[in-house]
Amino acid sequence: MNKIGDELIRWYRENKRDLPWRRVHDPYEIWISEVVLQQTRVTQGITYYHNFLKKFPNIFTLAEAETEEVYKIWQGLGYYSRARNLHQAAKFIVEKYAGSFPDEYAKLLEIKGVGHYIAAAIASIAFAQPYPAIDGNAYRLFTRLFGIELKLGSSALKKEVLRIVSGIIPQKSPGDFNQAVMDFASIVCTPKSPDCINCPLSGYCFALSNNRQTDFPVKPLKRKPKDRFINYYLFSDGKKLLIRKRKSGDIWENLYDFPNTESSNAEQPRFYDLVSENHPCGYTVKFVSEIIRHQLTHQTLFVTFSEIGCNILPKIEDFHAESLKHLGNLPWPRLITRYLEKRDKEQSTANY
DNA sequence: CATGCGTGGAT
DNA sequence: TATCCAAGCAT
């Protein structure tokens, strides 16, 4: 009756990875692991998981933290709204539930940044409730097994896979089952060349029997990434730099970066577009970097960095001066961190 | 429902 | 080198 579930559990017992969040059932730690791993590979997320829990060991330490600290721990991981939502959610849980994690699926869904997948993951792993945690791995596995042609992301597919997994997930150890599905799909039923030879489910697989493994899941048409041209200007008097906290409604919300101009083509704008009036001390362009091509999921960034020397830092709205030493405590986009590190290395040899 | 949100590793 | 993507979610 439930061959697929049994085979998955059997496979999991013998092949599961020894990951840190597999050793705990504390909903807080499970929650953190799920948010870290959202759209993120295990190899990339694992150090962030450790660092985060070391800095914020429980819901109270997280709730009491400064937002800036939470962002700083998240620096370099991407999708920074996750950090913002974690912090906001921790405060919400402390306030509404006195810091005790809700164990009801519906209440978990009310938490900012917790959707159907994470709610099911927490409910099943931390509270042993049989909610199917259906992520990208699960969609790939079950569309192949059952030959489901519905498009990834469609509500029809969500409904259909939920129906199927609901009939398979065991009442006992549903958390193990959910993790079995994900581990199995990420190790055996992989996106590119699935290991069908060694697959214990090969006898049940529609895709394999029709030699159509890579036809599933059916992906939505992808649009071409938009180009975006950003030119950064590092106004420096040798001691301080002009920086700002980025506003909402754009990439890298609440992170820091430098004065910049943007244009719709590769033609490079000039830094004095930023400075309305002539500055008595004048400016010296000391260095202009090559164009750095930065590929994001939905846009391609073409970025340059210009070092602008001056005796007195110009006044630009929303920007303020910070000493070079203080910069290390602030959260930066990875792109900017890389440049700052390179800059720091070069300046330690050649005196600026 | 379509779109925006990051990063670094695999191919 | 260019493309694709990896344990989603909010809007």
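Throughout, a chain's letter reflects where its sequence line sits, starting with A, and its residues are numbered from 1. As a basis for the values below, the full set of heavy atoms in this structure was taken, side chains included, without hydrogen atoms, waters or symmetry mates.
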Undergrad: What integer number of Å spans the P atoms of B:dG6 and C:dT11?
TA: 14 Å
Undergrad: How about CD on A:Glu317, more than 12 heavy atoms from neighbouring residues, nucleotides or ligands closer than 6.0 Å, or not?
TA: no
Undergrad: To the nearest angstrom, how far is A:Ile292 atom CD1 from B:dT7 atom C1'?
TA: 15 Å
Undergrad: Counting only side-chain N and O atoms of A:Lys112, is one of them less than 4.0 Å from OP1 or OP2 of C:dT11?
TA: yes
Undergrad: Take atom CD1 of A:Ile122 and atom C1' of C:dC9, then tell me their distance rounded to the nearest Å.
TA: 13 Å
Undergrad: Please classify the nucleic acid contact of A:Ser155 as base, sugar-phosphate, or nothing, using heavy-atom distances under 4.0 Å.
TA: sugar-phosphate
Undergrad: Ignoring backbone atoms, establish whether A:Gln299 has a side-chain N or O less than 4.0 Å from OP1 or OP2 of B:dC5.
TA: yes
Undergrad: Determine the contact category for A:Val114: base if any of its heavy atoms lies under 4.0 Å from a base atom, sugar-phosphate if only primed atoms, P, OP1 or OP2 are that close, otherwise nothing.
TA: sugar-phosphate
Undergrad: Want to settle it: does A:Asn85 or A:Leu37 sit nearer the 5' end of DNA chain C, counting the closest nucleotide to each?
TA: A:Leu37
Undergrad: Can you tell which of A:Trp332, A:Phe319, A:Phe235 makes a ring-ring contact (aromatic ring centres under 6.0 Å, His included) with A:Phe258?
TA: A:Trp332
Undergrad: Side chain of A:Gln38 only, heavy atoms from C-beta on: which candidate in C:dA6, B:dT11, C:dG8 is closest?
TA: C:dG8
Undergrad: From CG of A:Leu157 over to C1' of B:dC1, roughly how many Å is that when rounded to an integer?
TA: 14 Å
Undergrad: Does anything in residues 68-82 of chain A reach DNA chain C, meaning a heavy atom under 4.0 Å, and if so which residues?
TA: none
Undergrad: Using a 4.0 Å heavy-atom cut-off across all strands, classify A:Asp250 as base, sugar-phosphate, or nothing.
TA: sugar-phosphate
Undergrad: With distance as the sole criterion, is a donor-acceptor pair present between the side chains of A:Thr261 and A:Tyr233 under 3.5 Å?
TA: yes
Undergrad: Pick the closest DNA chain B nucleotide for A:Gly153 and for A:His298 by heavy atoms, then say which residue is nearer the 5' end.
TA: A:Gly153
Undergrad: Should the ring pair A:Tyr105 and A:His116 be called parallel, tilted or perpendicular, given that the plane angle runs from 0 to 90° and is split at 30 and 60?
TA: tilted
Undergrad: Is the backbone of A:Tyr256 close enough, under 3.5 Å, to the side chain of A:Arg246 for a donor and an acceptor to pair up by distance?
TA: no
Undergrad: Rounded to the nearest angstrom, tell me the gap between atom CD1 in A:Ile111 and atom C1' in C:dG8.
TA: 15 Å
Undergrad: Would one find a side-chain N or O of A:Arg338 under 4.0 angstrom from OP1 or OP2 of B:dG8?
TA: yes
Undergrad: Any salt bridge linking A:Glu322 with A:Lys239? Criterion: basic side-chain nitrogen under 4.0 Å from a carboxylate oxygen.
TA: no
Undergrad: Quick one: label A:Lys219 by what it contacts on the DNA or RNA (base, sugar-phosphate, nothing), any heavy atom closer than 4.0 Å.
TA: sugar-phosphate
Undergrad: What nucleic acid atoms does A:Leu19 come within less than 4.0 Å of, heavy atoms only: base, sugar-phosphate, or nothing?
TA: base
Undergrad: Check the distance between C:dC4's P and A:Arg223's CZ and give it to me in whole angstrom.
TA: 14 Å
Undergrad: Check for me whether the distance between the ring centres of A:Trp21 and A:Tyr49 falls short of 6.0 Å.
TA: yes
Undergrad: For B:dT7, does OP1 or OP2 lie under 4.0 Å from any side-chain N or O of A:Trp252?
TA: yes
Undergrad: Provide, to the nearest angstrom, the distance between the CD atom belonging to A:Gln295 and the P atom belonging to C:dA2.
TA: 9 Å
Undergrad: Base, sugar-phosphate alone, or nothing: which one does A:Arg22 contact when heavy atoms must sit under 4.0 Å apart?
TA: base
Undergrad: Select base, sugar-phosphate, or nothing to describe what A:Pro220 touches, counting heavy atoms under 4.0 Å on all strands.
TA: nothing
Undergrad: If only side-chain N and O atoms of A:Gln44 are considered, is one of them under 4.0 Å from the OP1 or OP2 phosphate oxygen of B:dT7?
TA: no
Undergrad: Between the base of B:dG9 and the side chain of A:Thr43, is there a donor-acceptor distance below 3.5 Å?
TA: no
Undergrad: Would you say A:Arg41 reaches B:dG8's phosphate, i.e. side-chain N/O to OP1/OP2 under 4.0 Å?
TA: no
Undergrad: When the distance from CZ of A:Arg84 to C1' of C:dC9 is rounded to whole Å, what number comes out?
TA: 11 Å
Undergrad: Rounded to whole Å, how long is the line connecting atom CG of A:Asp135 with atom C1' of C:dA6?
TA: 9 Å
Undergrad: I'd like to know if A:Thr40 reaches the base of B:dG6 with its side chain, counting only an N/O donor and acceptor under 3.5 Å.
TA: yes
Undergrad: Quick check on DNA chain B: between A:Lys226 and A:Arg334, whose nearest nucleotide comes earlier from the 5' end?
TA: A:Lys226
Undergrad: Do A:Tyr131 and A:Asn178 touch side chain to side chain, with heavy atoms closer than 4.5 Å?
TA: no
Undergrad: What is the nucleic acid contact for A:Lys151, judged by heavy atoms within less than 4.0 Å: base, sugar-phosphate only, or nothing?
TA: nothing
Undergrad: Taking the six-membered ring for Trp, are A:Trp252 and A:Tyr80 ring centroids under 6.0 Å apart?
TA: no
